[in-house]
K.L.:
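Please read through the structure below; I'll follow up with questions.
Chain identifiers are assigned alphabetically (A, B, ...) following the order of the sequence lines, protein sequences preceding nucleic acid strands; residue numbering begins at 1 within each chain.
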2 protein chains.
Amino acid sequence: MSMQDTASSGVALWRLVADGIERGIADGRFAAGDRLPGEMEIAETYRVNRHTVRRALAALAERGIVRAERGSGTYVEAQKLAYPLRSRTRFSEIVGAGGREPHGRMIETSEDVATRELARELGLKTGAPLVRIEAIRLADRAPICVSTTWLSAEHFPGAGTVFAATRSMTKMLEHYGIRDYRRGATRITAGIVDATDAARLDLPLGRPILVVDATDLDLEGKPLVTKHSRFAAERVEFLVEP
Amino acid sequence: MSMQDTASSGVALWRLVADGIERGIADGRFAAGDRLPGEMEIAETYRVNRHTVRRALAALAERGIVRAERGSGTYVEAQKLAYPLRSRTRFSEIVGAGGREPHGRMIETSEDVATRELARELGLKTGAPLVRIEAIRLADRAPICVSTTWLSAEHFPGAGTVFAATRSMTKMLEHYGIRDYRRGATRITAGIVDATDAARLDLPLGRPILVVDATDLDLEGKPLVTKHSRFAAERVEFLVEP
DNA sequence: TCAAGTTGTCTAGTATCATAGACAACTTGG
DNA sequence: CCAAGTTGTCTATGATACTAGACAACTTGA
């Protein structure tokens with residue numbers, strides 16, 4: 001393969017090689033600690049120059065996914081965070097269960113007004129005042145996801161401040177007298193990270209993300225908050241439980 | 001932004017712009033039929049040259065996502081297929097419900113032996129004989145997903161032939177006396193399409209895919225088949241129902 | 001009709017991507 | 001120690017990506 005004979009995809013060849021290797025690690029062809037094939041061998045399987053492979057490996061090494069040892073080989077070191085969907089498990093518990101250290105913080109908060117879309121999700125009128133909360137969650141200092149949360153400014157005045165102090169959505173809702181809530185419809189798709197999220201998630205541009213749109217309801221089915229979360233696909237996998 | 005001041009990501013600038021616009025369409029900032037901002041305006045928001053924006057729009061136009069009208073503007077024309085998870089709805093019903101024409105066919109089938117991983121999923125021994133079925137599903141001629149299915153060659157001899165004839169997993173299992181089954185654990189993550197799948201899904205290299213690993217069980221909880229499906233993220237969204 | 005704004009199409013120049021070859025530095029196994 | 005195989009680093013060349021500027025062709029609304 002070369003840049004000429006393939007239809008130009010806007011993705012550098014070395015990126016395709018790096019993605020291929022990373023996928024091999026993700027689906028278990030290369031386990032943590034394994035030695036990868038030599039640079040020449042990888043170059044042959046992908047039909048590229050050895051320098052292109054080196055570029056790919058350098059990128060993976062910089063992200064801590066592989067480690068090169070001169071004269072010996074290149075070795076794997078990485079694994080994903082299993083993330084159950086539809087449970088009430090908190091992020092901290094999910095991360096803790098994997099033996100990792102959870103961490104979260106607010107990035108920013110602001111007042112906003114409901115677009116038609118947001119109003120529909122939250123059962124409000126278009127233009128209704130909202131609180132927008134931008135937050136990030138990490139496991140062992142590796143950013144897992146950034147999420148934008150919207151909720152009614154009328155029903156939850158000062159929600160941003162409360163969230164910043166408690167660092168927990170559950171505790172924030174408790175502050176307003178909400179003891180329990182359940183997950184409404186959840187929408188999942190994938191995309192490519194944008195510049196802002198790339199910086200926050202410490203991802204190179206062009207990496208895939210899992211996009212989750214979800215609304216939480218109170219026990220009567222009334223919408224409380226709606227979230228738009230972007231997960232670093234390379235660090236997490238979702239589990240839909242039967 | 002320019003190629004110099006950002007850490008080189010291996011993704012062309014025009015691709016980032018195209019992905020950004022596509023994301024805007026996906027999350028409703030631009031609805032079907034809407035007019036996009038002018039090329040100059042887009043160039044300013046992304047801090048790139050107008051030619052780079054034109055490259056991005058040309059790529060989107062070629063994929064049928066936008067349509068340029070000289071002297072007037074560039075307009076949106078696209079929408080995603082809503083794909084419920086965890087339901088027993090068949091692919092054909094999902095597609096039909098969206099007013100589109102479903103289609104599916106087998107790509108190839110072969111005999112295989114179980115890796116440790118596959119054996120664990122299917123409750124077999126490592127090295128057990130398997131049937132592997134590679135299939136593709138389309139909606140209105142647009143490829144939605146390719147999937148690799150594995151099942152025991154002992155319990156389902158000639159499954160590939162049966163599937164090729166019936167074009168339906170449900171009917172194929174009926175042929176072996178399986179009347180009903182349910183979905184076991186489902187694992188979802190995202191990645192970048194590889195060369196083989198790119199050709200099958202009619203996607204440019206470097207596009208995001210949704211990767212779904214799932215196992216179907218009989219009513220006693222015994223594993224029947226395990227699948228590894230790759231969805232074109234730009235054409236589908238998953239709905240996790242409450 | 002006309003002006004403003006839009007997309008379409010040229011020409012250049014600079015930086016990056018990918019290829020190619022050669023050799024150094026190092027590790028491993030015999 | 002030595003030979004084979006590995007990663008690390010250098011030079012060089014052609015193709016592609018991005019920027020920059022100018023102008024043509026066309027649409028829309030006043």
K.L.:
Check V193(A), T189(A), I209(A) against R23(B) for a side chain to side chain contact (heavy atoms under 4.5 Å, CB included) and give me the one that passes.
P.N.:
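The single option meeting the side chain to side chain contact (heavy atoms under 4.5 Å, CB included) with R23(B) is I209(A).
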K.L.:
Phosphate oxygens OP1/OP2 of dC18(D): is one of them under 4.0 Å from a side-chain N or O of N49(B)?
P.N.:
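For dC18(D), OP1/OP2 do not have a side-chain N/O of N49(B) under 4.0 Å.
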K.L.:
Can you tell which of dT19(C), dT7(D), dA17(D) lies closest to the side chain of R54(A)?
P.N.:
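It is dT7(D).
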K.L.:
So if I take the C1' atoms of five pairs at each end of the helix from dT1(C)-dA30(D) to dG30(C)-dC1(D) and get each local axis, what angle do the two axes make, rounded to 10 degrees?
P.N.:
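Taking the rotation axis at each end, their angle is 40°.
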K.L.:
What is the separation between atom CD on E41(A) and atom P on dT6(D), rounded to the nearest whole Å?
P.N.:
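From E41(A) CD to dT6(D) P: 8 Å.
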K.L.:
For dT7(C), does either OP1 or OP2 sit under 4.0 Å from a side-chain N or O belonging to T74(B)?
P.N.:
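Answer is yes, contact under 4.0 Å.
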K.L.:
Would you say D194(A)'s side chain and T196(A)'s backbone share a donor-acceptor pair under 3.5 angstrom?
P.N.:
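Yes; at least one donor-acceptor contact below 3.5 Å.
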K.L.:
Could you check whether R55(B) gets within reach of a base, just the sugar-phosphate, or nothing at all, counting any heavy atom under 4.0 Å?
P.N.:
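Touches sugar-phosphate only.
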K.L.:
CG of L57(B) versus P of dG8(C): gap in Å, rounded?
P.N.:
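Distance, rounded to whole Å: 9 Å.
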K.L.:
Is R35(B) touching bases, backbone alone, or none of the nucleic acid, heavy atoms closer than 4.0 Å?
P.N.:
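Sugar-phosphate: the residue R35(B), judged by heavy atoms under 4.0 Å, touches backbone atoms but no base.
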K.L.:
Only counting residues at least two apart or in another chain, list the ones meeting side chain to side chain donor-acceptor pair (under 3.5 Å) with S152(B).
P.N.:
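Side chain to side chain donor-acceptor pair (under 3.5 Å) check on S152(B) returns H155(B).
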K.L.:
Counting only heavy atoms not in R35(A) (residues, nucleotides, ligands), do more than 12 fall under 6.0 Å from its CZ?
P.N.:
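Enclosed: over 12 neighbouring heavy atoms sit under 6.0 Å from CZ of R35(A).
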K.L.:
From the options dG8(D), dT19(D), dA20(C), select the nucleotide whose nearest atom is closest to the side chain of E39(A).
P.N.:
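The answer is dG8(D).
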K.L.:
Please report the closest heavy-atom contact between A18(B) and A56(B), naming both atoms and the distance.
P.N.:
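Looking at all heavy atoms of both residues, the shortest contact is N-CB, 3.6 Å.
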K.L.:
Heavy atoms from C-beta onward define the side chain here; which of dT7(C), dT7(D), dT19(D) lies closest to that of R70(A)?
P.N.:
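Looking only at heavy atoms from C-beta outward on R70(A), the closest nucleotide is dT7(D).
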K.L.:
Closest nucleotide of DNA chain C for Y75(A) versus for L36(B): which of these residues is on the 5' side?
P.N.:
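Checking each residue's closest nucleotide, the 5'-ward one belongs to L36(B).
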K.L.:
Looking only at the side chains, is there a donor atom on one of R116(A) and T126(A) sitting less than 3.5 Å from an acceptor on the other?
P.N.:
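On atom types as modelled, these side chains do not qualify, holding no pair under 3.5 Å.
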K.L.:
Among dT27(D), dC17(C), dT27(C), which nucleotide sits nearest the side chain of S72(A)?
P.N.:
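Nearest nucleotide to the side chain: dT27(C).
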K.L.:
Taking donor-acceptor contacts at under 3.5 Å, does the side chain of H51(B) reach the base of dG8(C)?
P.N.:
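Looking at the base of dG8(C), it does not pair with any donor or acceptor on the side chain of H51(B) (distance under 3.5 Å).
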K.L.:
In whole angstrom, what separates E44(A)'s CD from dT6(D)'s P?
P.N.:
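Spelled out: CD on E44(A) to P on dT6(D) is 10 Å.
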K.L.:
Begin from the C-alpha positions of D112(B) and L118(B) and carry the test side-chain contact (heavy atoms from CB on, under 4.5 Å) through to its verdict.
P.N.:
CA-CA 11 Å; D112(B) 211 343; L118(B) 283 171; 5.6 Å; no
K.L.:
Write down the distance between CG (L13(A)) and P (dA20(C)), rounded to a whole number of angstrom.
P.N.:
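The answer, rounded to whole Å, is 12 Å.
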K.L.:
Tell me whether the OP1 or OP2 atom of dT19(C) has a side-chain N or O from R50(A) closer than 4.0 Å.
P.N.:
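Answer is no, no contact under 4.0 Å.
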K.L.:
Can you see if the side chain of T52(A) gets near the phosphate of dT19(C) - specifically, an N or O under 4.0 Å from OP1 or OP2?
P.N.:
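So the side chain of T52(A) is within the cut-off, an N or O lying under 4.0 Å from OP1 or OP2 of dT19(C).
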K.L.:
Going by heavy atoms in the side chains, are L130(A) and L124(A) under 4.5 Å from each other?
P.N.:
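The answer is yes; the side chains approach within 4.5 Å.
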K.L.:
Given atom CZ of R67(A) and atom C1' of dT7(D), what is their separation to the nearest angstrom?
P.N.:
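Going from R67(A) (CZ) to dT7(D) (C1'), I get 14 Å.
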K.L.:
Report the residue (M40(B) or E69(A)) whose heavy-atom-nearest nucleotide on DNA chain C is the more 5′ of the two.
P.N.:
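Here M40(B) is the residue nearer the 5' end.
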